[in-house]
Amino acid sequence: MRDLYSGTGSALLKNNQYQILARLYDTTYESLCVEYFSTENSFFREWLNDYKHFLIEYQIYDLEYSENLEKEIRGLTNFVSTASLQAVANYLEKCQSIFSFRNNSPKFR
């Protein structure tokens, strides 16, 4: 299987049926990526919007609550909450981790 991707499996790469299936895979994959990532109402964009609302309404509140408890326990006075920054970091990390599953280029051309 490793030879298939490294290009040394030349007998397999010359097979017409393989070439047809590879092109079909690439075009199907590309159309699915457009549908999933790029369109106005794509699943990925809708999910990101829901995730952003979750972070704003729940995670930031929970982080600020725990930070305020820590502030009271330690008696800190010049404390600035980092909850919103942490939520942004979580959002960007999640975007990167999901988007990294996407192939950058066709695998079989």
Side-chain angles (χ1 to χ4, degrees):
M1 193 63 153
R2 187 167 179 233
D3 289 343
L4 175 66
Y5 297 108
S6 66
T8 58
S10 59
L12 182 60
L13 292 176
K14 291 178 183 176
N15 185 334
N16 283 339
Q17 185 179 10
Y18 170 78
Q19 293 293 329
I20 292 168
L21 289 174
R23 277 191 225 95
L24 178 63
Y25 171 85
D26 285 338
T27 55
T28 304
Y29 181 80
E30 289 167 4
S31 68
L32 286 173
C33 282
V34 168
E35 183 179 321
Y36 185 79
F37 289 105
S38 303
T39 60
E40 182 82 18
N41 298 326
S42 69
F43 178 76
F44 183 63
R45 286 186 182 190
E46 289 179 13
W47 183 87
L48 279 178
N49 191 35
D50 291 342
Y51 186 61
K52 181 177 77 173
H53 288 298
F54 163 76
L55 291 174
I56 291 169
E57 295 187 18
Y58 297 103
Q59 189 179 42
I60 290 175
Y61 174 79
D62 290 344
L63 288 171
E64 285 178 344
Y65 181 77
S66 63
E67 287 175 347
N68 285 334
L69 285 177
E70 187 74 20
K71 178 181 169 181
E72 288 178 21
I73 291 170
R74 296 184 184 265
L76 303 172
T77 56
N78 294 333
F79 180 78
V80 177
S81 175
T82 60
S84 58
L85 295 174
Q86 183 61 44
V88 170
N90 291 347
Y91 181 83
L92 294 174
E93 183 178 305
K94 189 64 74 172
C95 289
Q96 191 275 331
S97 68
I98 291 171
F99 202 74
S100 68
F101 286 114
R102 183 177 178 187
N103 292 337
N104 292 332
S105 61
K107 293 291 184 190
F108 300 108
R109 288 187 188 162

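Sequential numbering from 1 along the given sequence is applied to the chain's residues.
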Quick check for you: to the nearest 0.5 Å, what is the distance between [X] atom [atom1] and [Y] atom [atom2]?
| X | Y | atom1 | atom2 | result |
| --- | --- | --- | --- | --- |
| E64 | Q86 | CD | CD | 12.5 Å |
| Y58 | L63 | OH | CG | 15.0 Å |
| E30 | Y25 | CD | OH | 10.0 Å |
| D50 | L55 | CG | CG | 11.0 Å |
| K52 | N90 | NZ | CG | 15.0 Å |
| F54 | W47 | CZ | CH2 | 10.0 Å |

> Between Y36 and F43, what is the ring plane arrangement, given parallel below 30°, perpendicular above 60°, and tilted in between?
Replying inline: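 Ring orientation of Y36 relative to F43: tilted.
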> What are the two closest heavy atoms between Q59 and A87, and how far apart are they?
Replying inline: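 Q59 and A87 have their closest heavy atoms at OE1-CA, 4.0 Å.
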>> Test question: given the 4.5 Å side-chain rule for I, L, V, M, F, W and Y, name all other residues clustered with F79, or answer none.
In response: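 Besides F79, the cluster holds L76.
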> Are L48 and V88 linked, directly or through other ILVMFWY residues, by side chains that come within less than 4.5 angstrom of each other?
Replying inline: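 The answer is yes; both residues are in one hydrophobic cluster.
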>> Quick check: is Y91 connected to F44 through a chain of hydrophobic side chains (ILVMFWY, heavy atoms under 4.5 Å apart)?
In response: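 In one cluster with F44: Y91, yes.
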> Does any non-hydrogen side-chain atom of H53 lie less than 4.5 Å from one of N49?
Replying inline: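 N49 reaches H53 side chain to side chain.
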>> Tell me whether S42 contacts the main-chain N or O of R45 through its side chain, where contact means a donor paired with an acceptor under 3.5 Å.
In response: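 Yes: the side chain of S42 pairs with the backbone of R45.
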